[in-house]
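The structure appears right after this line, and notes come after that.
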Amino acid sequence: MTATLIWTVVALVAIGLYLSWTAGRLDRLHARIDAARAALDAQLLRRASVTQELATSGLLDPAASLVLYEAAHASRQAEEDHREVAESELSTALRAVFGESVQVEAVREARGGEEAADELAAAVRRVPMARRFHNDAVRAARALRTHRTVRWFRLAGHAPFPLAFEMDDTPPAALADRPGT
């Protein structure tokens with residue numbers, strides 16, 4: 001009788017430790033998602049800001065400036081529900097304007113254009129990396145949240161189900177291959 005009670009207590013403690021470890025792991029994954037989302041938001045904002053700055057600098061022709069400015073402004077002002085679409089439209093506008101290296105070289109040749117082109121190229125390259133980090137964290141949290149143990153014991157608490165950020169983040173070919181930070 002005593003041995004059975006001891007083994008029952010040991011089993012309950014082991015199960016409790018496992019549940020505690022799993023809940024802590026899930027909490028760390030949710031914190032990682034929050035940090036990755038903040039980094040993604042910062043990179044998206046940086047890309048839109050640099051694009052707006054370039055559009056208003058006078059280095060581009062008026063039509064290209066207008067297309068880029070409107071797309072960047074829309075991405076900065078987009079509601080959370082429409083953010084992915086607005087960011088995809090900014091990517092499309094960047095590819096339309098900087099699809100060929102001729103436009104990039106024209107910007108680089110202008111006074112102050114070298115720095116602007118390098119800054120835009122760096123911002124455009126960082127968005128896919130930030131999105132990949134965010135979506136990897138979401139994928140890991142989703143995988144853990146689908147385990148029966150997590151669902152049965154409600155280890156996720158009231159945390160919302162993590163959603164990936166899906167957008168077109170393909171950089172313009174002329175900017176993707178540029179050296180920079």
Side-chain angles (χ1 to χ4, degrees), residues 29-143 145 158-181:
L29 283 171
H30 283 139
R32 190 171 127 203
I33 289 171
D34 291 341
R37 181 58 189 244
L40 175 61
D41 286 341
Q43 292 305 323
L44 292 171
L45 181 62
R46 181 172 184 259
R47 180 180 77 156
S49 297
V50 169
T51 302
Q52 271 187 323
E53 188 177 312
L54 183 62
T56 58
S57 69
L59 297 173
L60 300 170
D61 63 87
S65 292
L66 184 62
V67 167
L68 287 181
Y69 183 83
E70 286 181 355
H73 180 71
S75 73
R76 290 181 73 174
Q77 300 299 319
E79 302 266 335
E80 193 60 34
D81 296 344
H82 304 293
R83 182 103 188 264
E84 294 170 345
V85 173
E87 294 296 343
S88 294
E89 288 173 357
L90 178 56
S91 295
T92 302
L94 284 166
R95 280 194 310 274
V97 172
F98 296 109
E100 297 178 15
S101 59
V102 174
Q103 182 73 358
V104 175
E105 293 308 319
V107 169
R108 288 185 175 281
E109 290 172 3
R111 185 172 170 218
E114 186 76 27
E115 295 83 22
D118 286 343
E119 192 174 356
L120 181 61
V124 164
R125 278 194 310 272
R126 287 181 179 150
V127 168
M129 287 187 293
R131 189 174 77 86
R132 198 170 314 122
F133 288 139
H134 175 266
N135 288 349
D136 286 347
V138 167
R139 198 173 302 113
R142 281 180 161 186
R145 285 182 70 153
H158 297 289
F161 195 73
L163 299 174
F165 194 86
E166 297 301 332
M167 65 172 270
D168 173 14
D169 60 3
T170 307
L175 289 175
D177 299 332
R178 302 301 304 183
T181 54

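Keep in mind the model is a prediction, meaning the values are calculated, not measured.
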Exercise. Distance from Leu94 atom CG to Thr170 atom OG1, nearest 0.5 Å?
Worked result: 11.5 Å

Seminar exercise, completed: The residue among Arg83, Arg47, Glu87, Gln52 that forms side-chain contact (heavy atoms from CB on, under 4.5 Å) with Arg76 is Gln52

Exercise. Can you tell me how far CD of Gln77 sits from CD of Glu79, rounded to the nearest 0.5 angstrom?
Worked result: 9.5 Å

Exercise. Counting N and O atoms only, with roles assigned by atom type, does the side chain of Gln103 sit under 3.5 Å from a partner on the main chain of Phe98, one being a donor and the other an acceptor?
Worked result: no

For this session: Mind listing the closest non-hydrogen atom pair of Ala48 and Ser75 along with its distance?
Result: CB-OG, 3.4 Å

Exercise. About how many Å separate CG of Leu66 and CG of Leu60, when rounded to the nearest 0.5 Å?
Worked result: 11.5 Å

Seminar exercise, completed: Here the gap from His134 atom NE2 to Asp34 atom CG, rounded to the nearest 0.5 Å, amounts to 8.5 Å

For this session: Of all the heavy-atom pairs spanning Met167 and Ser91, show the shortest one and how long it is.
Result: CE-OG, 3.8 Å

Problem set entry | Smallest separation among heavy atoms of Leu175 and Arg125, with atom names | O-NH1, 3.5 Å

For this session: Applying side chain to side chain contact (heavy atoms under 4.5 Å, CB included), run through Val102 and Glu105 and close with a yes or a no.
Result: CA-CA 5 Å; Val102 174; Glu105 293 308 319; 5.9 Å; no

Exercise. Atom CG of Leu120 and atom CD of Glu53: how far apart are they, to the nearest 0.5 Å?
Worked result: 10.0 Å

For this session: Start with the C-alpha distance between Asp118 and Arg108, add both sets of side-chain angles, then the distance that settles side chain to side chain contact (heavy atoms under 4.5 Å, CB included), and finish with yes or no.
Result: CA-CA 9 Å; Asp118 286 343; Arg108 288 185 175 281; 2.7 Å; yes

Problem set entry | Check: Glu89 and His82 side chains under 4.5 Å, non-hydrogen atoms | no

Exercise. Which value, rounded to the nearest 0.5 Å, describes the distance between Thr51 atom OG1 and Glu119 atom CD?
Worked result: 10.0 Å

Seminar exercise, completed: Scanning both residues in full, the closest heavy-atom pair of Leu54 with Ser57 reads O-OG, 2.7 Å

For this session: Specify the closest pair of heavy atoms between Ala130 and Gln43, including all atoms of both residues, with the distance to one decimal.
Result: CB-CG, 3.9 Å

Exercise. Of all heavy-atom pairs between Ala174 and Val104, which one has the smallest distance, and what is that distance?
Worked result: CB-CG2, 3.5 Å

Exercise. Counting N and O atoms only, with roles assigned by atom type, does the side chain of Asn135 sit under 3.5 Å from a partner on the main chain of Phe165, one being a donor and the other an acceptor?
Worked result: yes

Exercise. Short question: side chain of Arg142, backbone of Pro162 - any donor-acceptor pair under 3.5 Å?
Worked result: yes

Exercise. Do NZ/NE/NH1/NH2 and the carboxylate oxygens of Asp136 and Arg32 come within less than 4.0 Å?
Worked result: no

